[in-house]
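Both ligands and their constituent atoms are indexed starting at 1 by order of listing.
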Amino acid sequence: MLDVAVIGGGAAGFFAAVNIKILHPDKEVQIFEKSSTCLGKVKISGGGRCNVTHHCFDPVVLSKFYPRGSKELISVFNRFNPQNTIDWFEQQGIRLKTESDGRMFPITDDSQTIINCFLDFCKARKIAIHTRAGIKSITKKDNHFELQLETEVVSCRKLVVSSGSSEVFWNVLAGMGHAIVPPVPSLFTFNIKNDLIEDLPGLSVPKASVKLNVEKSLLKAFKLNDVECTQSGPLLITHWGLSGPAILKLSSIAARLLHHVNYQFEIQISFSNLKLEETLEVLMSFKSQNTKKQIINTPLFDIPNRWWNRLHALTFENTYITWSDISKKDLNKLALNLCAYPMKVDGKSTFKDEFVTAGGVNLKEVDFKTMESKIIPGLYFAGEVLNIDALTGGFNFQAAWSEAWVIAQSV
Ligand SMILES: Cc1cc2nc3c(=O)[nH]c(=O)nc-3n(C[C@H](O)[C@H](O)[C@H](O)COP(=O)(O)OP(=O)(O)OC[C@H]3O[C@@H](n4cnc5c(N)ncnc54)[C@H](O)[C@@H]3O)c2cc1C
């Protein structure tokens with residue numbers, strides 16, 4: 001009988017297996033992976049560079065990057081945070097570097113470095129990795145588990161479930177009595193057809209804010225407020241609509257609500273990242289100092305020329321209007337177009353193939369001091385199988401490392 005079986009050869013599964021073996025070298029730990037190769041998502045993560053973690057060391061601040069799981073993760077991050085991740089990989093001979101936005105990557109800029117680290121460790125410490133070994137069902141016996149594979153049954157004393165976002169396996173867990181929060185996509189871009197952005201892919205505004213324009217009752221039903229539903233950051237035009245950090249954050253925070261409205265909704269964009277009165281103030285001040293200049297030649301708020309031209313055309317009939325010519329009414333119209341521009345969203349697209357799933361094992365059924373199931377003793381969870389997900393930036397892997405580390409301490 002195995003001491004520990006790990007279901008799922010992804011980031012969470014490997015980190016759990018390796019750390020269990022570090023603490024208990026004499027125990028038999030084995031990984032069971034359904035597909036023909038392990039760590040497939042690590043390989044493609046971060047554009048092939050693997051964004052391992054984020055340069056953020058305060059557990060409370062870090063927890064804010066998780067629209068689902070933030071409360072539960074604080075205690076987990078108190079025990080294993082990004083500094084521990086940095087130290088852990090350093091001990092395995094892998095140095096991480098920080099980019100200007102806080103994302104951390106191996107200095108090799110190659111996700112294979114992380115994969116090799118895990119595979120080499122397993123080889124050296126004799127952690128058997130079974131590929132094409134999907135677990136079909138689990139039977140809980142008095143003191144052990146029986147795992148049904150295609151043609152054989154494997155028994156283990158403790159079981160780590162790190163099967164990622166697998167609908168099939170969530171059904172297995174549901175059959176064992178666990179409540180599964182229905183999965184919906186998170187981290188996506190918005191499909192938009194609008195004259196303001198048509199045929200301008202690649203252009204971006206460095207500081208914009210995007211507000212979700214939905215009824216208050218809907219916000220309340222999804223436990224969201226106006227502050228959470230207004231996200232700021234760079235905004236990028238794509239071939240299909242809008243992307244960039246402001247959009248991705250909104251897609252993650254409102255993932256369940258946006259799924260509910262079938263990705264048909266309205267957003268309001270502030271290209272100035274300011275409210276109406278503040279935008280008007282900036283415009284008045286600029287007008288008083290630049291009376292003779294043509295508005296079309298003086299883009300504000302770092303809006304690229306071609307994008308500013310579109311805003312100009314939507315606001316003024318006269319192409320050559322100068323700042324001194326502008327009426328109070330038109331100034332107001334310009335300000336409104338700059339800070340409260342409405343756009344209809346019609347569907348979603350994936351962001352650089354990157355996505356996570358919101359949903360999974362209900363967090364109320366997991367003891368976050370140990371990551372053990374409160375329903376089935378001896379069964380532990382780590383990674384995307386849980387109803388935990390984060391914004392982009394290395395946070396999803398950090399949650400997987402931290403949860404897996406806690407499991408290793410408790411099994
Ligand atoms: C393109 C892309 C890029 C990403 N980049 C980043 C990034 O740079 N940084 C970051 O933090 N996050 C990133 N993410 C998110 C991150 O990859 C996931 O959050 C993370 O991989 C989750 O790890 P996991 O081990 O829980 O699940 P997974 O990595 O999905 O592993 C689960 C494993 O379980 C196996 N499995 C499922 N069912 C069974 C079964 N019945 N029996 C046996 N095995 C089974 C699956 O085949 C899979 O290999 C990215 C995601 C994508 C899609």
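In terms of N/O distances under 3.5 Å, ligand 1 is not approached by Q398. Taking only nitrogen or oxygen atoms, main chain and side chain alike, G46 reaches within less than 3.5 Å of ligand 1. Ligand 1 has a nitrogen or oxygen under 3.5 angstrom from a nitrogen or oxygen of A11. Annotation: A12 places an N or O atom under 3.5 Å from an N or O atom of ligand 1; distance criterion only.
Contacts with ligand 1 closer than 4.0 Å are made by heavy atoms of both the backbone and the side chain of F397. Residue contacts with ligand 1 for V52 are absent, since no atom lies close enough (heavy atoms, distance under 4.0 Å).
In this structure, a donor-acceptor pair under 3.5 Å is present between the side chains of D87 and Q83. Side-chain contact check for S243 and T238: no donor-acceptor pair (N or O, by modelled atom type) lies under 3.5 Å. Side chains of Q398 and H54: a donor-acceptor N/O pair is absent below 3.5 angstrom, by distance only. Between the side chains of N362 and E365, not a single donor N or O lies within less than 3.5 Å of an accepting N or O.
Legend: residues meeting salt bridge (Lys or Arg N to Asp or Glu O under 4.0 Å) with R103, ordered by chain and number and at least two apart, are E99, D101.
Distances from atom 36 (N) of ligand 1 to the heavy atoms of S36, S165, S163 show the closest one on S163.
Annotation: F265 is in aromatic contact with F190 [ring centroid separation under 6.0 Å]. Ring to ring, W323 and F286 are close: their centroids are under 6.0 angstrom apart.
Set against the non-hydrogen atoms of F169, the atoms of ligand 1 under 4.0 Å away are 41 (N). Residue S45 approaches ligand 1 through these ligand atoms, each under 4.0 Å from one of its heavy atoms: 3 (C), 4 (C), 5 (N), 6 (C), 7 (C), 8 (O). Set against the non-hydrogen atoms of F32, the atoms of ligand 1 under 4.0 Å away are 43 (C), 44 (N). Close approach of ligand 1 to G134 (heavy-atom distance below 4.0 Å) involves ligand atoms 42 (N), 43 (C). The distance from ligand 1 to the heavy atoms of S162 drops below 4.0 Å at these ligand atoms: 32 (C), 33 (C), 34 (O). Which parts of ligand 1 touch F395 is read off a 4.0 Å heavy-atom cut-off, strictly below it: atoms 11 (O). For ligand 1 and S166, the ligand atoms under 4.0 Å from any heavy atom of the residue are 37 (C), 38 (N). Within ligand 1, the atoms closer than 4.0 Å to a non-hydrogen atom of G383 are 26 (O), numbered from 1 in the order shown.
Ring pair F65/F395 is parallel by interplanar angle, where below 30° counts as parallel and above 60° as perpendicular. Ring geometry for F118 versus W88: interplanar angle of 30 to 60°, hence tilted.
By the 4.0 Å N-to-carboxylate-O rule, K211 lies too far from D226 to be salt-bridged with it.
Under a 4.0 angstrom heavy-atom cut-off, G40 registers as lying outside contact with ligand 1.
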